[in-house]
Colleague: 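Take a look at the following structure, please.
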Amino acid sequence: MRLGINLGYWGAGMDADNLAVAQEADRLGYSVCWAAEAYGSDGPTVLSWVAAQTENIDVGSAIFQIPARTPAMTAMTAATLDSLSGGRFRLGLGVSGPQVSEGWYGVKFDKPLGRTREYVEIVRKAMSRQRLTHEGEHWTLPLPDGPGKPIKLTVHPVREEVPLYIAAIGPKNLQQTGEIADGALLIFYSPEHAEETTLQHLRAGREKAGKTLDGFDVCPTVPLSVGDDVTALADQFRPYTALYVGGMGSRKQNFYNKLAQRMGYEKAAAEIQDKYLAGDKEGAAAAVPHELIDSTTLLGPVERIADRMQAYADAGVTTLTLAPAGFALEDRLASLRAGTEALERAGLAS
């Protein structure tokens, strides 16, 4: 199992610190450094800046938002980043959510599975440097009855195929991701619930494509906090978990709330959402079960974290992306080193 680092969203006065985190992860031999985008900083700019100041670590988008760019633009960006980084780019895609898609980008959040499938088809075709044509429900290239003509990408990626990941949560999206992608970007991944919530759906998609999970990158982002008091460490993540389970999306469309329900927390998920949407964020955080946090994070001393890393590896994870808690740079760097030590103690380091 390999390790990754998730820098999250750029900004909030942590830009220089995030670069230092990426550089330390590079020094420690981490496999990949991911950066996100929502409605603040964009992903490509951040990744190009990090790639220019690191040597070996891959840089990846977790995620580029599908409503933010045409698929051809994403292919151009991916090819450019792969070229500039010397073949170290990984393309992560996702549909975002209805609030961002419609409120920020002005793109209807409808038929996300079909839209994603077509988007990936176009991106792959463009990056293979074929002349770009496509006839689908969501895109037609070139536009009919106009001056457009099939053209091909002029930039040469370093690799023949840039690894393509999709952020997936729901069963149908997970199955499609297994079918059409090279890896899955996951969140709130619990080893104890991995088979029924995630792996069976990814496996079904791989089988549909005539493949197995061998070579497919199962890549969850897992919060990390090192220390002796596991309860206190878990409490740090109560607001984070409540935000996603209770406040991310609408009451009817909250993928994270549905995931918590599938993990067996139906009653707690409903209470968290009710309180969060009513404005009681503290009450929502207090309603998050300790077991939900503990099963989806890495908490405790290095020995305990090593045991949990083994559980993640046994549950099919091939790249474990860490999200260290805290804002102090030294704490985040110490967490990176603890992650490396834990991986070695677990006997999982390559």
Side-chain angles (χ1 to χ4, degrees), residues 1-8 30-32 34 36 60 62-63 90 92-94 165-178 181-206 213 216-225 230 233-234 236-238 240-245 248 254-265 268-269 272 288-300 304-325 335 339 342-343 346 348:
M1 186 171 71
R2 300 172 296 275
L3 291 181
I5 177 69
N6 195 319
L7 299 178
Y30 276 60
S31 176
V32 60
W34 303 96
I63 55 169
R90 304 186 194 184
L93 299 171
Y165 295 69
I166 296 174
I169 300 173
K172 291 181 180 180
N173 193 6
L174 286 164
Q175 181 172 331
Q176 178 171 277
T177 296
D182 304 309
L185 299 172
L186 308 165
I187 190 171
F188 293 113
Y189 191 93
S190 166
E192 292 73 23
H193 301 91
E195 179 59 36
E196 64 267 29
T197 63
T198 306
L199 293 177
Q200 65 170 331
H201 306 300
L202 290 174
R203 193 178 297 111
R206 299 299 285 172
L213 281 174
F216 185 85
D217 199 5
V218 178
C219 183
T221 290
V222 182
L224 166 69
S225 189
V230 173
L233 296 175
Q236 297 177 90
F237 298 111
R238 288 187 174 279
Y240 163 83
T241 307
L243 167 65
Y244 279 83
V245 175
M248 196 68 75
N254 184 322
F255 310 118
Y256 311 97
N257 189 280
K258 292 178 181 177
L259 174 60
Q261 292 180 45
R262 291 197 298 275
M263 292 167 61
Y265 297 100
I272 294 165
V288 177
H290 171 83
E291 295 78 11
L292 173 58
I293 299 172
D294 193 25
S295 70
T296 56
T297 58
L298 292 169
L299 306 174
R304 188 177 194 267
I305 291 170
D307 289 341
R308 291 300 292 165
M309 283 187 173
Q310 182 64 63
Y312 275 96
D314 292 342
V317 173
T318 49
T319 299
L320 187 67
T321 297
L322 307 181
S335 292
L343 192 76
L348 297 170

Colleague: If I compare all heavy atoms of Tyr265 with all of Pro289, which pair ends up nearest, and what's the gap?
Modeller: CD2-CG, 3.8 Å
Colleague: Tyr240 and Ile293: side-chain contact (heavy atoms from CB on, under 4.5 Å), yes or no, with the steps?
Modeller: CA-CA 10 Å; Tyr240 163 83; Ile293 299 172; over 6 Å; no
Colleague: Please tell me whether Phe255 and Phe188 form a close aromatic pair, meaning their ring centres lie under 6.0 Å apart.
Modeller: no
Colleague: Suppose we screen for side-chain contact (heavy atoms from CB on, under 4.5 Å). Which residues come up paired with Thr221, at least two apart in sequence or across chains?
Modeller: Asn6, Thr321, Ala323
Colleague: Mind checking what makes side chain to side chain donor-acceptor pair (under 3.5 Å) contact with Asn254, not counting sequence neighbours?
Modeller: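 Asn254 satisfies side chain to side chain donor-acceptor pair (under 3.5 Å) with no residue once adjacent residues are dropped.
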Colleague: Mind checking the SG-CG spacing from Cys219 to Asp182? Nearest 0.5 Å is all I need.
Modeller: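 Reported to 0.5 Å precision, the distance equals 12.5 Å.
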Colleague: List the residues meeting side-chain contact (heavy atoms from CB on, under 4.5 Å) with Leu348, not counting sequence neighbours, and say none if there are none.
Modeller: Met1, Met309, Gln310, Ala313, Leu343, Ala346
Colleague: Asn257 and Gln261: which non-hydrogen atoms are nearest, and at how many Å?
Modeller: OD1-NE2, 2.7 Å
Colleague: Looking at side-chain heavy atoms only, is the closest gap between Thr297 and Ser225 below 4.5 Å?
Modeller: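 Counting from C-beta outward, Thr297 and Ser225 never come under 4.5 Å.
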Colleague: Decide side-chain contact (heavy atoms from CB on, under 4.5 Å) for Phe237 and Val288; before the verdict, give the C-alpha distance in whole Å, the side-chain angles of both, and the deciding distance to 0.1 Å.
Modeller: CA-CA 9 Å; Phe237 298 111; Val288 177; over 6 Å; no
Colleague: When rounded to the nearest 0.5 angstrom, what distance separates OG1 in Thr319 from OH in Tyr165?
Modeller: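 OH of Tyr165 is found 5.5 Å from OG1 of Thr319.
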Colleague: Report the distance from atom CG of Leu298 to atom CD1 of Ile305, rounding to the nearest 0.5 Å.
Modeller: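 Separation between the atoms: 6.0 Å.
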Colleague: What are the two closest non-hydrogen atoms of Ser295 and Pro191, and how far apart are they?
Modeller: O-CD, 3.4 Å
Colleague: Using the test side-chain contact (heavy atoms from CB on, under 4.5 Å), find all partners of Phe216 that sit at least two apart in sequence or belong to another chain.
Modeller: Thr177, Ala184, Leu202, Arg206, Leu213, Val218
Colleague: May I have all residue pairs that pass salt bridge (Lys or Arg N to Asp or Glu O under 4.0 Å) and include part of residues 307-318, sequence neighbours excluded?
Modeller: Glu192-Arg308
Colleague: State which residues pass side chain to side chain donor-acceptor pair (under 3.5 Å) with His193; sequence neighbours excluded, sorted by chain then number.
Modeller: Ser190
Colleague: Rounded to the nearest 0.5 Å, what's the gap from CG on Leu174 to CD on Gln200? Could you check?
Modeller: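 Nearest 0.5 Å value for the CG-CD distance: 9.5 Å.
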Colleague: List the steps and the verdict of side-chain contact (heavy atoms from CB on, under 4.5 Å) for Val222 and Tyr312.
Modeller: CA-CA 10 Å; Val222 182; Tyr312 275 96; 3.6 Å; yes
Colleague: State which residues pass side-chain contact (heavy atoms from CB on, under 4.5 Å) with Ile63; sequence neighbours excluded, sorted by chain then number.
Modeller: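 With sequence neighbours excluded, Ile63 shows a side-chain contact (heavy atoms from CB on, under 4.5 Å) to Gln65, Ala167, Leu185, given in chain and number order.
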Colleague: Taking Thr241 for its side chain and Arg238 for its backbone only, find out whether a donor-acceptor pair lies under 3.5 Å.
Modeller: no
Colleague: If you measure from CD1 on Ile5 to CG on Leu224, what distance do you get to the nearest 0.5 Å?
Modeller: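 Going from CD1 on Ile5 over to CG on Leu224, the span is 8.5 Å.
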Colleague: Of all heavy-atom pairs between Arg304 and Leu299, which one has the smallest distance, and what is that distance?
Modeller: NH1-O, 3.0 Å
Colleague: How would you list, by chain and number, every residue that makes a salt bridge (charged side-chain N to carboxylate O under 4.0 Å, His left out) with Arg262, sequence neighbours excluded?
Modeller: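 None.
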Colleague: In Å and rounded to the nearest 0.5 Å, what is the CG to CD1 distance from Leu243 to Ile272?
Modeller: 11.5 Å
Colleague: Please name all residues satisfying side chain to side chain donor-acceptor pair (under 3.5 Å) with Glu195, sequence neighbours left out, ordered by chain then number.
Modeller: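 Arg203.
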Colleague: I'd like to check the salt bridge (charged side-chain N to carboxylate O under 4.0 Å, His left out) partners of Asp217; sequence neighbours left out, ordered by chain and number.
Modeller: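 Arg2, Arg90.
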Colleague: Give me the atom names and distance for the closest heavy-atom approach of Ala194 to Tyr189.
Modeller: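 The answer is CB-OH, 3.3 Å.
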Colleague: Tell me, please, which residues at least two apart from Glu196 pass salt bridge (charged side-chain N to carboxylate O under 4.0 Å, His left out).
Modeller: none
Colleague: For Tyr256, give me all partners under ring pair (Phe, Tyr, Trp, His ring centres under 6.0 Å), at least two apart in sequence or on another chain.
Modeller: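 Only Tyr244 meet the ring pair (Phe, Tyr, Trp, His ring centres under 6.0 Å) criterion with Tyr256.
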Colleague: Assess whether side-chain contact (heavy atoms from CB on, under 4.5 Å) is satisfied between Gln236 and Leu233, documenting all intermediate values.
Modeller: CA-CA 6 Å; Gln236 297 177 90; Leu233 296 175; 3.5 Å; yes
Colleague: Using every non-hydrogen atom in the two residues, find where Gly300 and Val230 come nearest and quote the distance to one decimal.
Modeller: CA-CG2, 4.1 Å
